[in-house]
Structures are given as C-alpha cells and as structure tokens.
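Contents: one structure, followed by commentary.
Reckoned from all heavy atoms, side chains included, excluding hydrogens, waters and symmetry mates. Residue numbers start at 1 and run along the sequence shown.
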Amino acid sequence: TYLLLLIALRLRQQGVPVVIVAPLKGHEFRPACEAIGGNYIKLSASSRDCINFLDIRRKNLNADYEVRGDDRQDSVLAAKIQSLMVFFSLLKADITQQELTQIDGALYRTYARMGITEDNESLFDNDGAFRKMPTAVDLYTELKSNPETEELAAMLEIFVSGSLKNLGKETNVDLDNKFIVIDISEMNNILKPLFMFIVSEAISD
C-alpha cells in the first residue's frame, strides 16, 4: 500500500491524473488523498457515497473525437446498455439470454422516460448539460410495471429497499478530481466484482 501510494503521489506531482481503486485496505490511502485535496470515495453499505451505475458520462464513442473532428454518430446509449449487460450478468450469475433481452428492452424504455434515445444529442438538455439520468429505482419501477419482467425486478431490490439502497441513487461524488481513491474494501467477495465493474466503467468514461 505504501509503495503504491508513493508512486501515485509522484505521478500526481508530475501532473498525471490518478485514480486508485482499493479492493483491500482502502482506508490506508485516505489521509494522503485528503492531504493533497484529492477525493476519497467509499462504496459500502454504511457509506453515503454513491456512483450511479446507470449514469451516461460519455459524449461520444471516440476518445480522440475532438482532435480528429470525427463525425460518426455511434449511439452512446446503445453502448451503455450493452455494458450494463455485463453488470446484470455479474449481479445474477445464472441469468439467461432471454432475461438479458428483457432487461435490454426495459433499459431502453427507462432511458426514454428521461428523454434519452439513441440520438446522442438527446443526452443533453437545452443548456448543454447532461440530462438527469435514471437510477436503480427508475429501472426497478419499469421492470415491476411489466408482467413479463416483474420477477427480474427482484435483482434490484438490494439497491432500492435493501442494504445497498444508498448505492442505488444519483451520483453524489466528484469524479473530476485529479486524485481519486475509491475504497470498495468493505464489500463482500460476492459484490466486489460487481462494484469493481461499476468503478472501472466510471473511470473509463
């Protein structure tokens, strides 16, 4: 932990943005993180910190879009929903292809209620900011409203009314800080891969 922290601090001193994802002993990174103005995020049942796994953060699918002036209009929403298929596969190990297809449709309907479609321009409001994104509660409500997907809603109950309900809300942490520590060490071994995925996707975006 100490060696990793020294490397991270030196990189930050050189102007390199740093994100540390700590599956073990995350608290050991906290003092140094806060001392340099970084952001310590703790994802656990007891914490109030939340990263909404339904957030769309990307404006396009091309990392060098602005440099090249690429005008491809690949759907960011479609890419996000495909990524969420991995999330649900981790959430329910024995999930079937039919269930994934049903969730796929429910996700499209959930985003559509927020005004978000496969048109990338729909991601933004009139002020150019990202629209309000759905949360686990919105998807849960959509699944419950359809008899064909009602049973699938049970997967999300832990994020809606269960022990992880604080992690099923809107994102309430700053992911733009140049030094971030995300502590998932209090998650049990069943949930840890799920939250490693959520965090990795947020960092990638």
Side-chain angles (χ1 to χ4, degrees), residues 21 23-24 41 43-47 49-62 72-120 122-123 130-171 175 182 184-205:
V21 183
L24 295 171
I41 300 169
L43 299 182
S44 70
S46 61
S47 174
D49 294 345
C50 178
I51 297 176
N52 179 14
F53 60 85
L54 291 175
D55 272 354
I56 295 176
R57 306 172 187 88
R58 300 174 66 171
K59 298 180 179 180
N60 55 71
L61 296 178
N62 304 292
R72 285 180 63 102
Q73 291 298 309
D74 300 38
S75 172
V76 174
L77 174 62
K80 174 66 177 183
I81 289 177
Q82 283 302 299
S83 178
L84 286 169
M85 294 300 103
V86 179
F87 172 85
F88 284 101
S89 297
L90 291 168
L91 188 60
K92 187 175 186 287
D94 61 347
I95 197 166
T96 66
Q97 187 58 51
Q98 180 181 356
E99 289 172 331
L100 286 173
T101 300
Q102 291 173 327
I103 292 171
D104 183 274
L107 283 165
Y108 270 105
R109 293 190 296 273
T110 301
Y111 282 104
R113 291 182 189 279
M114 299 292 184
I116 299 170
T117 68
E118 288 195 334
D119 179 359
N120 291 344
S122 70
L123 294 171
F130 275 109
R131 286 184 185 273
K132 182 179 179 180
M133 295 292 163
T135 65
V137 175
D138 298 307
L139 179 57
Y140 176 83
T141 302
E142 173 61 36
L143 291 169
K144 287 286 284 187
S145 69
N146 188 334
E148 293 184 1
T149 59
E150 187 175 3
E151 292 185 4
L152 292 174
M155 286 191 298
L156 290 174
E157 285 185 357
I158 192 172
F159 294 103
V160 175
S161 57
S163 60
L164 298 180
K165 59 181 178 294
N166 289 329
L167 296 168
K169 300 178 181 179
E170 295 180 10
T171 298
L175 295 174
I182 304 178
I184 61 171
S185 58
E186 285 191 13
M187 289 292 176
N188 63 44
N189 290 335
I190 297 174
L191 291 171
K192 202 165 282 186
L194 183 68
F195 279 88
M196 182 66 80
F197 170 79
I198 293 172
V199 169
S200 297
E201 187 187 47
I203 294 169
S204 176
D205 287 345

Is [Y] close to [X] at the side-chain level, that is, under 4.5 Å between some pair of heavy atoms?
X	Y	answer
Leu167	Ile198	no
Leu84	Leu54	yes
Leu143	Met155	no
Leu24	Lys192	yes
Leu100	Ser89	yes
Arg113	Pro134	no
Leu175	Ile41	yes
Leu107	Met85	yes

For the side chain of [X] and the backbone of [Y], is there at least one donor-acceptor N/O pair under 3.5 Å apart?
X	Y	value
Lys144	Ala153	no
Asp138	Thr110	no
Ser47	Leu43	no
Lys80	Asp55	yes
Thr101	Gln97	yes
Ser163	Ala45	no
Asn166	Ser46	no
Thr171	Asn52	yes

To the nearest 0.5 angstrom, please state how far the [atom1] atom of [X] sits from the [atom2] atom of [Y].
X	Y	atom1	atom2	result
Phe53	Phe88	CZ	CZ	5.5 Å
Ile182	Asp49	CD1	CG	10.0 Å
Glu170	Ile51	CD	CD1	14.0 Å
Ile184	Ser44	CD1	OG	11.0 Å
Thr135	Met114	OG1	CE	6.5 Å

Review point. Met133 and Ile116: side chain to side chain contact (heavy atoms under 4.5 Å, CB included), yes or no, with the steps?
Key: CA-CA 9 Å; Met133 295 292 163; Ile116 299 170; 3.6 Å; yes

Exercise for review: Would you check, one step at a time, whether the test side chain to side chain contact (heavy atoms under 4.5 Å, CB included) holds for Asn146 with Arg109?
Suggested key: CA-CA 11 Å; Asn146 188 334; Arg109 293 190 296 273; 3.8 Å; yes

Practice item. Carefully, step by step, assess Thr141 and Val160 under the rule side chain to side chain contact (heavy atoms under 4.5 Å, CB included). Key: CA-CA 10 Å; Thr141 302; Val160 175; over 6 Å; no

Practice item. Specify whether Phe159 and Phe195 have parallel, tilted or perpendicular ring planes, treating 30° as the upper limit for parallel and 60° as the lower limit for perpendicular. Key: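 Correct class here is tilted.
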
Exercise for review: With sequence neighbours left out, write down each residue that passes side-chain hydrogen bond (donor to acceptor under 3.5 Å, both in side chains) with Ser83, or none if nothing qualifies.
Suggested key: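 For Ser83, the residues satisfying side-chain hydrogen bond (donor to acceptor under 3.5 Å, both in side chains) (neighbours in sequence not counted) are Glu201.
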
Check your understanding: What heavy-atom pair brings Lys92 and Glu99 nearest, and what distance separates the two atoms?
Key ->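 In this case the closest contact between Lys92 and Glu99 is NZ-OE1, 3.3 Å.
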
Review point. Do you know the tightest heavy-atom contact between Ser122 and Gly115?
Key: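 It is CB-O, 3.4 Å.
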
Exercise for review: Mind jotting down which residue pairs meet the ring-ring contact (aromatic ring centres under 6.0 Å, His included) criterion with at least one end in residues 90-112? Sequence neighbours excluded, please.
Suggested key: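 Output for this query is empty, none listed.
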
**Study point:** Verdict with supporting geometry, Thr149 and Ile103, side chain to side chain contact (heavy atoms under 4.5 Å, CB included)
**Key:** CA-CA 8 Å; Thr149 59; Ile103 292 171; over 6 Å; no

